[in-house]
Protein chains: 2
Amino acid sequence: MANINDVSRLANVSKATVSRVLSGSRGVKEESRLAVMQAVEALQYKPSMIAQSLSTQSTGCIGVICAAENINQSTGYLHALEKELRLNQKYLLLRFATDAASLSHSVDEIGRGLCDAMIVIGARFALPALPDNVITIDCLDADSGRSIHFDRSFATETACQYVLQQGRRQIALINFENSDAAGQILQGYHLALEKFLLPYDRRLVHSGDQALTQLLAQNVPFNALLVPDDATAQDALRQLAQLGRNVPQAVMVFSLDSTLPPGASAIPAIAWPLETLAQRAMALLAGQFSANTGEPVRGQLSLPA
Amino acid sequence: MANINDVSRLANVSKATVSRVLSGSRGVKEESRLAVMQAVEALQYKPSMIAQSLSTQSTGCIGVICAAENINQSTGYLHALEKELRLNQKYLLLRFATDAASLSHSVDEIGRGLCDAMIVIGARFALPALPDNVITIDCLDADSGRSIHFDRSFATETACQYVLQQGRRQIALINFENSDAAGQILQGYHLALEKFLLPYDRRLVHSGDQALTQLLAQNVPFNALLVPDDATAQDALRQLAQLGRNVPQAVMVFSLDSTLPPGASAIPAIAWPLETLAQRAMALLAGQFSANTGEPVRGQLSLPA
DNA sequence: TTGTACGCGTTATCAA
DNA sequence: TTGATAACGCGTACAA
């Protein structure tokens, strides 16, 4: 592989001039510029990113650490982030983490020069102490300065409103287990009920692995079912089908967290605006922390095609 | 951030000795070794990966380019590959590509020193010319030396066998559009029918966007439906539900390509052995091309929980 | 407008 | 067993 010396030799100029031409700086005689371009073409010269990185002390790599429980949920993020990163001439280094320890390990490891910054996504566990160049998306943490949160309360309210519009007044809710997100969801649920003057029936609200089973055991009729994410939705759809309860005729299942593009979901859902999210992440990475109002991101109603 | 000079100074040894200690080489006096270790600890010194890369001419980064149409299908691969790469102290640089041009572009870009090698996954378009350090998984290409293929014929045969065991003798098939994979699927379908002495009814076989619509328009009864992947399966499930045809009672839908872990799929499917696949990819990357017999990978029957 | 020389942080070589 | 020094390939002050 040809290096900058080979090019400078062939073009009869110095390394510096070659570098100047390639970085598009002015103040280079057209003649030299041409000579350099020709030499570059002839030698098929491509600057080495490693050497560039050593010089500039920046690799252009952004570590993305997926800490979401159901990894299928993260594909949407990855796609959106990769697209946005590429637009900014940056690279996406992918990692998965399942707990605070593995997250810490990854941050240490790829932070040793390989990555300029990192993004942690969807962690449902308590976060360890993180360096300044790490931002979080939809994670369990209080530091809103470097983090992007979701407005799950609003999402749940929107969901309730939608199913009510569809004539469903008995809204069951399957929730996450005690976490910040769970609290928000419950809050949105309460708000919606109040707003529409509906009674709160605790027998319709459950959480945890056995949530649906518990719900069905109550023998309380319901014609809408809010679930916290797509994985839970799949599960619910399967169980309801086995019981012969038609979806959506008998029960309308609604997912409060879908990363599928609008229309791709088989059920109504709240979809998070992935492009916007990715752009906000970029802004945060660029150090524009001031632009981060800490305002949680609001999802959009997404209906099946 | 402290560098090797700071350490050598504090430990009263030369850079070379520090490097020796950290790379675990023998031939270092215990006394010096201790001094170095202490200095490292005191300064919280972590060697810079970039500088290491410049020296060794290798970053440890492996580019993974997802070229699959439905990106949700690729999450399984990503997870398996990341795990295996981490085991080998390597890093996963993620890219998406939609066609030959964008693939070429990515290969050029991240091949400029950033990545030691690359893996292309699931491309359904004709591949451009690729450097030696690129391997492919489930792509449209003939070069079996650096590529891993799937045995879709066997998968389809297995699928037919399963649905037949479940008492379904009218097996409809939705196929990819004319590609190598489509040919294999058709072959497996024919083989299974022959084996079980069933007649071939062309009205049961369709491909393309309107496949399911065409199939239903034929008005030929069927009680099993083979679809090429999970996305098509979702689509089929939705359409069948709208027509009031119960799944799996009336029609058993079977996905010929699921990357979900066994038991996670809502329908019976052929799942590819992701760990094995990742390991084979590592072997190929390690240059053990001889170990690649070109033998296509066989999937496993995966039933809903 | 151009070239020289040095810094980036590490590994490898070679002589001591 | 150790240290000085040369790569590795590029960016960039600074001088000309």
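The chains referred to below are lettered A, B, ... by the order of the sequence lines, with proteins before strands, and numbering in each begins at 1. Remember, it's a predicted structure, so these values are computed and weren't measured experimentally.
Following rounding to the nearest Å, B/Arg20 (CZ) and C/dT13 (P) show an atom-to-atom distance of 12 Å. The distance from atom CD1 of B/Ile4 to atom C1' of C/dC8 is 13 Å, rounded to the nearest whole Å. The nearest whole Å value for the distance from the CZ atom in A/Arg9 to the C1' atom in C/dG3 is 15 Å. The CG-P distance, from A/Leu54 to C/dC8, rounds to 9 Å in whole Å. Rounded to whole Å, the distance from NZ on A/Lys29 to C1' on C/dT1 is 7 Å. One atom, CG of B/Leu22, and another, P of C/dT11, lie 8 Å apart when rounded to the nearest Å.
Qualifying ring-ring contact (aromatic ring centres under 6.0 Å, His included) partners for B/Phe176, counting only residues two or more places apart in sequence or in other chains: none.
Between the side chain of A/Lys15 and the base of C/dT4 there is no donor-acceptor pair of N/O atoms closer than 3.5 Å.
A salt bridge links B/Arg152 to B/Asp257: at least one charged side-chain nitrogen sits closer than 4.0 Å to a carboxylate oxygen. Classification of B/Asp99 and B/Arg124 as a salt-bridged pair fails, no side-chain N sitting under 4.0 Å from a carboxylate O. Looking at A/Arg95 and A/Glu109, a side-chain N of the basic residue comes within less than 4.0 Å of a carboxylate O on the acidic one, giving a salt bridge.
Mapping B/Ser32 and B/Ser55 onto DNA chain D by nearest heavy atom places B/Ser32 at the nucleotide closer to the 5' end. When each of B/Ala16 and A/Asn5 is assigned the nucleotide of DNA chain D bearing its nearest heavy atom, the one mapping closer to the 5' terminus is B/Ala16.
Below 30°, between 30° and 60°, or above 60°: for B/Trp272 and B/Phe150 the angle between ring planes is below 30°, a parallel geometry.
When atom types are taken as modelled, the side chain of B/Asp6 and the backbone of B/Arg9 share no donor-acceptor pair closer than 3.5 angstrom. Remark: side-chain polar atoms of B/Asn88 are not paired, donor with acceptor, to backbone N or O of B/Lys90 under 3.5 angstrom. No donor-acceptor pair closer than 3.5 Å links the side chain of B/Ser102 to the backbone N or O of B/Ala97.
Across A/Val134, A/Leu285, A/Ile62, A/Val64, a single residue satisfies side-chain contact (heavy atoms from CB on, under 4.5 Å) together with A/Met118, and that is A/Val134.
With the end axes of the helix from C/dT1-D/dA16 to C/dA16-D/dT1 each set by five pairs, the angle from one to the other reads 40° at 10° resolution.
Think of the region where chain B sits on DNA chain D: with heavy atoms and a 4.0 Å cut, that region ends 5' and 3' at D/dT1 to D/dG9.
If you check every strand for non-hydrogen atoms under 4.0 Å, A/Thr17 touches sugar and phosphate atoms only.
Dashed line: the shortest gap from a side-chain N or O of B/Gln52 to OP1 or OP2 of C/dG9 is not under 4.0 Å.
Nearest nucleotide to the B/Thr56 side chain, out of C/dT11, C/dG3, C/dG9: C/dT11.
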